[in-house]
Every structure is written in C-alpha cells, then in structure tokens.
Visitor: 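Once you've had a glance at the structure underneath, I'll fire off some questions.
Note: hydrogens, waters and symmetry copies are ignored here, and every other heavy atom, side chains too, is used. Both counts, for ligands and for their atoms, begin at 1 and track the order of listing.
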Amino acid sequence: MRVRHTAAACTAAVLSLTLAACGGGDDTASPVPSEEVQEFPADSTMAQFADAGKIKVGTKFDQPLFGLKGLSGDPEGFDVEVAKLVAGKLGIEEDGIEFIESISKNRQDFLKNGTVDFIVATYTINAERDTEVDFAGPVVVAGQGILVKEGNPEGIEAAEDLNGKTVCSQEGSTSAKNITSMFPEATLKLLGGYAECADAMRDGTDGIVAVSTDDLILAGIAANNEGDFEVLDATFTEEPYGIGLPEGQEDFCEFVNEVIADAYENGELQKIFDETIGAVVERELEQPEPYGCDT
Ligand code: GLU
C-alpha cells in the first residue's frame, strides 16, 4: 500500500497534542499551520506508530560510526541517524524513540517477539534471514573485510590467507558464517562484539591474528584505535544493509523504502553518511536497488 503525500500537517511543536488529528488518517482540518508531512491511512502500520508518538528501535551500542553509546548515554552514528529519519517521517520526535541494544545474534528474535519495532544495525539482507523477518532497503552496501594488527605481521594479503589462521568474529553475523563456509581451514573465534575481537587480537588472546566483519565497521574500529590496527584491501563479500522489520508489515516496508528513496534524492542520506561514517570513509553513495517488500 502506498502512502499519500499531503501538504496538511502538524508542526513538531504541537505534534504530541494533535497526533490523533494529524497522524491517524483523520481528514478533519489540522488546527496548525501546514508543512510537508504525510497523512496515513487509518488502519496502516504507519498510523499506529504516528498515533502512539513513540517507537522502539534496535541498534548496535558498540559499533563506532554506526551505533556507539557515547558520553551522552545515547547511541550515535549512521544507523541511529537513519532510524531518526524514519521516525521523523512518521511524525515521531527524538524523545519518542527508544533505542534498544540489538546485537548480531538477537536481531531476528527481537523483531519476532516485539522487543523492537524495527532494526537499523549493520543488518545484512539475505534470503535466510528473510524467511524470519522482512527488510526495507538496502540503505547502503558494505563488504566483508579483514582487520589485522598495524604492519600486518602475519602477511595476510588476500582473504584466502585466512585459512590456517585464527580469526575473530561475532556470533549470529554473516561475517562468522562466511568465514566458516569460505575458509574452512581457518579457526573461528566468536566473541560478543567486533571491538572485543580487536582488543583480543591486540592482546594476542587465543592466537587471534585477524578480525573479520564488514569493512565499514572495521574502519571505525581502526579509527578509534589509531596506530593499533589496519584494514586490509581485501574485501570479499557484498553486505547490503537493510532495515529489519517484523514480517507482515508490507505497508511499513514500502513506506521506509520511500523514505530511503527520498533521502537519496534530496541528499539527506549522503549528508547523514558524511556526518557519521564520512569522518573515516569518504564515499559518494548511490542508491542500491531495493530488495522488495513482497517477499
Ligand atoms: N552485516 C553483517 C551482519 O548483518 C555483519 C555485521 C553485524 O554483525 O552486524 O551479520
């Protein structure tokens, strides 16, 4: 179901007082000046969120550039800003967003059991996950890469060189699965997070000589530990990052895809990238082909 764009609206300041009139698809005239917002069909998923004025979003809390809990106590990064963009288009203000830490292995469960309403957490879209949850996006595409100690003491030149080495990754990630399936001679060590893997590699724990996950995540870890690590030029997969949704919300999935497309078109997404990941990785974004909501 496509949402209708209308000029009728509520200003952010009065939104909480007027949600029923503005967000619930009620066609009665809004008592406030107009600016560009959407009017949602009354029985849509979007209208439910807009009426509630709040939403629960799963994201990482330990990943530099994407979702990292800073001194403010709130997560910060690209995924967090994308979540705010989506929530904002529902008319939900920042204090209406509850960020809930979602690690790689609990993302599908969190969507299925209602712990979160949607997830933005370096979440690769793939067919296996799609049997349990749905995906809007992709928002951006990363690729699995390799982090080693500065100076590359093991002389790892290509991904195949991981065979015979101890490689650290995170449980429940595509990264861990790919290591097992693509480099069967590698010893896989699973830890709670990629930054933890990097710390273990620095300390020489359990013979870990490489950390493998998405290149953009590794770039953030390297930047946060200047002089300790380097990301090799050896990316070996494509990881299209989606926005995870519970199954059966096709209208919301279409809505999120529309938000992404608009943000590509008006430069908002590039701005978010530049202001978060862009501090470490410069990239001119091109919108990836949408995965599709009717799967
Ligand atoms: N993008 C990969 C995944 O969704 C690896 C990063 C992560 O664990 O979040 O599994």
Visitor: Would you check, one step at a time, whether the test side-chain hydrogen bond (donor to acceptor under 3.5 Å, both in side chains) holds for T213 with Q144?
Guide: CA-CA 5 Å; T213 187; Q144 187 166 347; over 6 Å; no
Visitor: Are K105 and E171 close enough for a salt bridge, meaning some N to O gap below 4.0 Å?
Guide: yes
Visitor: Quick test of your reading of the model: are K60 and E101 salt-bridged, counting only N-O distances below 4.0 Å?
Guide: no
Visitor: Does a side-chain N-to-carboxylate-O contact under 4.0 Å join E128 and K177?
Guide: yes
Visitor: Check whether any side-chain heavy atom of E76 lies under 4.5 Å from a side-chain heavy atom of L68, and answer yes or no.
Guide: no
Visitor: Collect the protein residues that have a non-hydrogen atom under 4.0 Å from ligand 1 and hand them over in chain and number order.
Guide: K60, S104, R107, A121, T122, Y123, T124, R129, S173, T174, S175, Y194, T213, D214, I217, Y241
Visitor: Between L147 and L188, is there a shared hydrophobic cluster once you connect ILVMFWY residues whose side-chain heavy atoms come closer than 4.5 Å?
Guide: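 Different clusters.
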